[in-house]
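Some notes on the structure that comes next.
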Amino acid sequence: MKYVLLTLALILNAHSALAAGDAEAGGKLFTKTCGGCHSVGEGARGGFGPELNGIIGRPAGTTTDYQYSDAMKNSGVVWTRDKLAAYIEAPKKVVSGTRMIFWGISDQEKIDNILAYLETFQPK
C-alpha cells in the first residue's frame, strides 16, 4: 500500500510539473507570437502593447507606460494564471472591447509554455 501511495504521489507531482509548462519553449513562442507588441525583462516598456513583467497578480490596465482601452481599464480583471490562460486563448471573451488584435491560441500546451515563461519575470 505504501508503494501504491508513493507511486500515485509521484504521478500527480509529475503531472502538475508538466501542466506548469516549459519556460524555454514559452520564451521562443512568446518572441514569435507576442514579442511584436509586448516586452518582458530588464528595460521592458509599453509599445504596441503593455510590458508584461510581473503580470500575474496585477490588475488589468494599470501599468503607467501604456494607454489602455477603457474596456481593459474598467474590466475589474486581476491577472491570475487561469485568467491569463483564458485571455491568451480568447482575448475578447475575457475582456470584451479590448483593443488587442490577436485571435488567440487554442493549444493548451502552448498557453502553458507562454505562462511558464511569463512567470520567470515575476518579482522574487
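Note that these values count all heavy atoms, side chains included, but never hydrogens, waters or copies made by symmetry.
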Tell me, please, which residues at least two apart from Phe48 pass ring pair (Phe, Tyr, Trp, His ring centres under 6.0 Å). none
Side-chain donor-acceptor pair present, Thr63, Tyr68, cut-off under 3.5 Å: yes
Quick one: closest heavy-atom pair of Ala60 and Ser75, and the distance? CB-OG, 3.7 Å
Within the supplied structure, the quantity of interest is the number of heavy atoms (other residues, nucleotides, ligands) at a distance under 6.0 Å from Glu109 CD; does it exceed 12? no
Is the backbone of Val40 close enough, under 3.5 Å, to the side chain of Asn53 for a donor and an acceptor to pair up by distance? no
Looking only at non-hydrogen atoms, find the nearest pair between Ser69 and Gly97 and report the distance. OG-O, 4.0 Å
Flag the pair Leu84 / Ile56 as yes when at least one side-chain heavy-atom distance between them is below 4.5 Å, and no otherwise. yes
How long is the gap from CD on Glu89 to CD1 on Ile111, to the nearest 0.5 Å? 5.0 Å
If you count the non-hydrogen atoms of other residues, nucleotides and ligands that lie under 6.0 Å from CD in Glu24, is the total more than 12? no
State, yes or no, whether a side-chain contact exists between Phe30 and Leu52 at a heavy-atom distance under 4.5 Å. yes
Lys93, NZ: over 12 other non-hydrogen atoms inside 6.0 angstrom: no
For the residue pair Thr120 and Ala23, what are the closest heavy atoms and their distance? CG2-CB, 4.0 Å
Quick check: do Arg58 and Val78 have side-chain heavy atoms less than 4.5 Å from each other? no
Heavy-atom closest pair, residues Val95 and Ala71: CG1-O, 3.7 Å
Looking at OH of Tyr87 and CG of Leu115, how far apart are the two atoms once the value is rounded to the nearest 0.5 Å? 13.5 Å
Report, as yes or no, whether the 6.0 Å neighbourhood of atom CZ on Arg99 holds more than 12 heavy atoms from other residues, nucleotides or ligands. yes
Thr98 side chain to Lys92 backbone, donor-acceptor under 3.5 Å: no
Under 4.5 Å between any side-chain heavy atoms of Tyr117 and Lys28, yes or no? no
Test of understanding: with salt bridge (Lys or Arg N to Asp or Glu O under 4.0 Å), list the residues that count as partners of Glu119, not counting sequence neighbours. Arg81
Looking only at heavy atoms, what is the nearest atom pair of Val77 and Lys83, with distance? CG1-CG, 3.6 Å
Close side-chain approach of Ile114 to Leu118, heavy-atom, < 4.5 Å: yes
Taking the side chain as every heavy atom from C-beta outward, state whether Met100 and His38 have any atom pair closer than 4.5 Å. yes
Please name the pair of heavy atoms, one in Ile88 and one in Phe102, separated by the smallest distance, quoted to 0.1 Å. O-CE2, 3.5 Å
Would you call Phe121 and Ile55 a side-chain contact if the rule is heavy atoms closer than 4.5 Å? no
